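Note that the numbering runs from 1 along the sequence shown for the chain. Atoms within each ligand, like the ligands themselves, are counted from 1 in listed order. None of these values were measured; they are calculated from a predicted model.
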Amino acid sequence: MALLLFIMFMCGAISSHIASRSHADFRVSGRALYKLDISWPRNPELFTGQVFAVAVNHLRGRVYVAQRGENIPKVLVFSTDGELLQAWNTSSLEMPHGMFLANASADPTLWITDVGNGPFGHTVKQYSPTGKLLRVLGSPGKAGSSLSPLQFDQPAEIFIHSSGEIYIVDGDVNNRLIKLSPDLQVLWMHAERGSGLAQFYIPHSVAVDRYQRVWVADRGNKRIQVFNSVTGDWLGSWGSCFKDDAPCSIRFTPDQKYIVVAQLNTNQITLLEAPPIGIIGQCQVISTIELAEDVKPHLVDLDLKSSDLYVAEIGAGQAQKFVPLSAAGV
Ligand SMILES: *[C@@H]1O[C@H](CO)[C@@H](O)[C@H](O)[C@H]1NC(C)=O
Ligand SMILES: *[C@@H]1O[C@H](CO)[C@@H](O)[C@H](O)[C@H]1NC(C)=O
């Protein structure tokens, strides 16, 4: 019996270790929740820059990939089957950093933070799904910390709640978490650099869960901080899971059972247990996907219908798709 279990374990370990193309290596430790889909995208050579962000429209089956580089399309649009559908032809994006697909059901738009130093940089921009610039938050080309007019300094990421409320983590200079109303009034903000409660050092990614909690990857402090989305009150902090490497991105699986975190330097995707309402407690790692060396996963997004996980990989210069293992109950 023990031998049989051992053989089954070895087979599991081998089958989850795939090495069919460069950077496609991965290993899972803890509970196996996801496996790599090596068939997505169909033509990985279409990636021509450094891939920084991904965003998924689960209702239309679209995956947006933001990349940086000279004279390349800054956003590539794929189908969830891996077909390239469009390359945006916009000159209004300099250095895309974070991306969010808002309002999937009614009127989908893409929100992209731009950390460029040129005439369009230091802004958060809203685009149509085909790349038409609709709205610019911030003062293009002018880094700053003003609230009126609104300014940003290398804004890292954005999360738009279904209510239309906007959460922005504003970079390594301002170290701010800002909540805006749909008509762009500042509702609350934390804007102090430091390592104390509700202070930040390089806030890098933000997500809101179904229990009115705002989760922030506080990268420079190697921790996640949690806030009440209505009041902005600090609720808790997780650090013990990130001693080796900081959390870089934060998203929830559609069932909100797991928090998905990318760790860039250790090349890991970590799935943590999402705590129930009323409790933050200590972090608990359920599963770790260890990517090949130098893949450098940066930001992630999930398909809210299929639970598929997309990862933007700066080092590997590509986005990859991971699919839930059927019995995992993700
Ligand atoms: C891309 O945009 C530029 C400038 O707006 C325009 O000159 C060019 O024709 C466009 N290319 C395509 C393929 O649409
Ligand atoms: C979502 O789309 C509807 C319909 O177009 C629109 O009225 C609403 O303002 C949109 N919400 C956001 C947050 O963009």
So which atom in Pro324 and which in Ser307 form the shortest heavy-atom distance, rounded to 0.1 Å?
CG-CB, 3.9 Å
Is Glu273 paired with Arg31 through a side-chain N to carboxylate O contact shorter than 4.0 Å?
no
Ligand 2: protein residues within heavy-atom distance under 4.0 Å:
Asn103, Ala106, Asp107, Gly164
Tell me whether the count of non-hydrogen atoms from other residues, nucleotides or ligands lying under 6.0 Å of CD in Gln282 goes above 12.
no
Could you check whether Ser287 and Tyr258, counting side-chain N and O atoms only, form a donor-acceptor pair closer than 3.5 Å?
no
Between Phe100 and Tyr167, is the ring centre distance below 6.0 Å?
no
Check the pair Asn174, Asp153 against side chain to side chain donor-acceptor pair (under 3.5 Å), reporting the backbone distance first and the verdict last.
CA-CA 6 Å; Asn174 288 338; Asp153 197 331; 5.1 Å; no
